[in-house]
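Below is one structure, written out as structure tokens; comments come after it.
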Amino acid sequence: MLRKENSRSYQELNDDNDEDGGDARSEGYFDDVAEQVEPYGSISEEDDLRGSSPSMRFSKACLKNVFTVVLIFIYLLLTAVAVFLAYQTISEFLEKLNHPVMSVTYKEVDSFSPPGIALYPGKAKLLSCKHHYHDYIPPLVDPGKPQKGDCKTREVTYIGPFTNETKKTALVVRGPSDVRNKELIFMQFSHNETEEDFSAITYMLFAKFSDLTGSANESEFMRDCERNYSMWTFSGGFRTWVKMSLVRTSGKKDEAVEFRQESAVVKFNDKRPESERTNQLFFAVFEWRDPYMQEIRLIVTANPWSSVAILCGVFMALFKAANFAKLTIQWIIRMRKRHLRNKAREMNPITDN
């Protein structure tokens with residue numbers, strides 16, 4: 001009797017435990033089943049949405065394609081702008097390099113270096129050469145006759161640079177220097193009447209008379225001067241007043257000196273007897289125009305450092321555009337792979353274990 005009751009009590013207790021354990025097992029069991037089935041047979045929310053709404057999937061793909069085209073267009077635009085800026089910068093730099101800007105300044109001086117006045121009188125004779133001051137030239141005394149002078153002169157014979165084996169004789173006079181006191185040189189020449197319809201004396205100005213006296217070969221020096229300087233003339237029967245100005249030009253490599261002049265011509269009233277008028281008279285006055293020396297400098301406004309800085313900015317823009325294009329292409333490839341992977345996943349059947 002006692003054993004039956006014990007077995008019965010054990011069976012009842014065992015049944016109670018089975019009921020509690022059965023509930024717990026059923027809950028855990030379904031959870032384990034859900035976890036085992038989900039990796040193989042379940043569909044994610046994103047795939048479910050894609051599968052359930054094909055129109056939404058089409059709109060997303062269309063937006064992605066449009067965005068890709070816009071990105072490529074922006075890249076091409078940035079590249080075109082950068083190439084244009086590089087071309088424009090290089091063109092402007094070369095233009096400024098080949099066409100320098102002239103900077104003109106005036107330097108005031110008390111006196112100039114005595115220039116050289118090279119005269120080519122031909123058959124004419126120098127009658128007088130005198131220094132005067134304050135623009136005052138005294139009245140002529142016995143015009144047409146030799147008079148005492150105080151000029152420093154030098155005669156040089158050389159072969160002309162433009163005519164082969166043609167000898168030329170130049171009478172070089174030391175020019176005025178005291179510009180404050182308006183120093184001038186007054187010269188007169190006489191020339192016998194010839195068969196020529198017109199008569200004139202040619203002259204040339206060069207920078208310094210001391211360059212001639214200090215040169216090793218005076219003939220070669222005069223030859224070079226005639227090659228580099230301009231020639232002018234003054235006519236007979238007139239007084240030609242020449243006012244000189246000096247211009248120094250500093251170029252890229254060397255420095256050049258040239259003279260600019262203003263001349264005024266006054267008719268000579270010949271009061272000599274008729275018998276003496278067969279000799280034609282020439283009068284020339286040389287004076288500095290003002291105490292200002294003009295200096296011209298050729299300045300290249302093209303700054304290589306600014307151009308290099310602009311080009312560096314352009315190349316940085318090109319680099320950024322190239323990097324942007326690289327990222328765009330990588331994004332396109334990644335989106336293509338994702339699309340193919342999702343498509344393959346949709347095509348594969350759901351396998352149950």
Side-chain angles (χ1 to χ4, degrees), residues 104 106 108-109 111-140 143-144 147 149-153 168-191 196-209 212 222 225-249 256-270 279-296:
V104 181
Y106 291 90
E108 186 176 3
V109 296
S111 62
F112 288 93
S113 298
I117 305 172
L119 300 138
Y120 300 88
K123 295 181 180 180
K125 295 181 180 180
L126 179 64
L127 298 178
S128 66
C129 178
K130 291 184 178 182
H131 289 261
H132 299 284
Y133 294 89
H134 306 291
D135 286 344
Y136 175 71
I137 300 176
L140 293 175
Q147 297 178 8
D150 56 1
C151 295
K152 184 177 181 179
T153 62
K168 304 182 72 172
T169 301
L171 179 65
V172 184
V173 180
R174 185 178 184 270
S177 62
D178 191 353
V179 65
R180 288 294 181 185
N181 293 320
K182 295 184 178 181
E183 180 186 5
L184 60 86
I185 289 179
F186 177 70
M187 292 180 287
Q188 58 175 320
F189 295 84
S190 67
H191 186 266
E196 297 176 357
D197 294 333
F198 303 95
S199 58
I201 294 177
T202 304
Y203 68 94
M204 175 182 65
L205 302 174
F206 58 90
K208 296 180 181 180
F209 181 78
L212 172 64
M222 290 302 302
C225 285
E226 186 175 347
R227 185 182 292 109
N228 297 321
Y229 290 96
S230 301
M231 308 286 287
W232 293 282
T233 59
F234 57 90
S235 302
F238 297 91
R239 187 186 71 178
T240 304
W241 196 302
V242 179
K243 292 188 176 183
M244 306 172 294
S245 61
L246 189 62
V247 179
R248 295 184 182 274
T249 304
V257 178
E258 66 173 313
F259 283 87
R260 294 179 182 175
Q261 63 175 14
E262 296 177 0
S263 59
V265 178
V266 180
K267 186 179 181 300
F268 169 61
N269 296 320
D270 197 349
N279 291 339
Q280 191 173 19
L281 300 181
F282 299 79
F283 304 94
V285 180
F286 290 90
E287 180 189 9
W288 289 104
R289 186 182 66 178
D290 49 44
Y292 296 99
M293 180 173 57
Q294 185 177 353
E295 293 183 351
I296 299 177

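Keep in mind that what you see is a predicted model, and the values were worked out from it rather than measured. Numbers for residues simply follow the sequence, beginning at 1. The basis for the numbers below is simple: all heavy atoms, side chains too, and nothing from hydrogens, waters or symmetry mates.
To the nearest 0.5 Å, the span separating NZ on Lys152 from CD1 on Ile185 amounts to 12.0 Å. To the nearest 0.5 angstrom, Tyr203 atom OH is 10.5 Å from Ser230 atom OG. The structure places SG of Cys225 at 7.5 Å from CG of Leu212, a figure rounded to the nearest 0.5 Å.
Side-chain contact check for Phe209 versus Val172: some heavy-atom pair is nearer than 4.5 Å. Counting heavy atoms from C-beta on, the side chains of Asp135 and Trp241 come closer than 4.5 Å. Within the 4.5 Å cutoff, side-chain heavy atoms of Thr153 are placed close to those of Leu171. Counting heavy atoms from C-beta on, the side chains of Phe282 and His191 come closer than 4.5 Å. Between Pro138 and His132, some side-chain heavy-atom pair lies under the 4.5 Å cut-off. Gln294 has its side chain within reach of Arg260: a pair of non-hydrogen atoms, C-beta onward, lies under 4.5 Å apart.
Closest of all the heavy-atom pairs between Gly175 and Ile117 is CA-CD1, 4.0 Å. Looking at every heavy atom in both residues, Met204 comes nearest to Glu226 through SD-CA, 3.7 Å. Annotation for Gly149 and Lys130: closest pair CA-CG, 4.1 Å, computed over non-hydrogen atoms. Considering every non-hydrogen atom in both Pro115 and Phe259, the closest pair reads CB-CZ, 3.7 Å. Between Leu184 and Tyr136, the shortest heavy-atom distance links the atoms CD2-N, 4.4 Å. In plain terms, the two heavy atoms of Gly144 and Leu281 that are nearest each other are CA-CD2, 3.5 Å.
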Derivation of the side chain to side chain contact (heavy atoms under 4.5 Å, CB included) call for Val285 and Arg239: CA-CA 7 Å; Val285 180; Arg239 187 186 71 178; 4.2 Å; yes

Step by step, would you call Leu119 with Phe234 a side chain to side chain contact (heavy atoms under 4.5 Å, CB included)? CA-CA 10 Å; Leu119 300 138; Phe234 57 90; 3.8 Å; yes

Glu287 vs Met244, side chain to side chain contact (heavy atoms under 4.5 Å, CB included): CA-CA, chis, key distance, verdict: CA-CA 6 Å; Glu287 180 189 9; Met244 306 172 294; over 6 Å; no

Before giving the answer on side chain to side chain contact (heavy atoms under 4.5 Å, CB included), spell out for Phe283 and Met187 the whole-Å C-alpha distance, their side-chain angles and the decisive distance to 0.1 Å. CA-CA 6 Å; Phe283 304 94; Met187 292 180 287; over 6 Å; no

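Remark: side-chain polar atoms of Glu183 are paired, donor with acceptor, to backbone N or O of Ser177 under 3.5 angstrom. Side-chain N or O atoms of Thr233 include none that pairs as donor or acceptor with a backbone N or O of Ile201 at under 3.5 Å.
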Tabulate below the donor-acceptor pairs under 3.5 Å that side-chain atoms of residues 262-269 make, not counting sequence neighbours, or state none.
{"from": "Glu262", "atom 1": "OE2", "to": "Arg289", "atom 2": "NH1", "distance (Å)": "2.8"}

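Residues Glu258 and Arg248 are not paired through a salt bridge, judged by the lack of any N-O separation under 4.0 Å between the basic side chain and the carboxylate.
More than 12 heavy-atom neighbours from other residues, nucleotides or ligands sit within 6.0 angstrom of OH on Tyr229.
A centroid separation of 6.0 Å or more is found between the aromatic rings of Phe186 and Phe286.
Here ring pair (Phe, Tyr, Trp, His ring centres under 6.0 Å) pairs that include residues 111-131, with residues two or more places apart or in two chains, are Phe112-Trp288.
Listed by chain and number, the residues in a disulfide (SG to SG under 2.5 Å) with Cys151 are Cys129 (sequence neighbours excluded).
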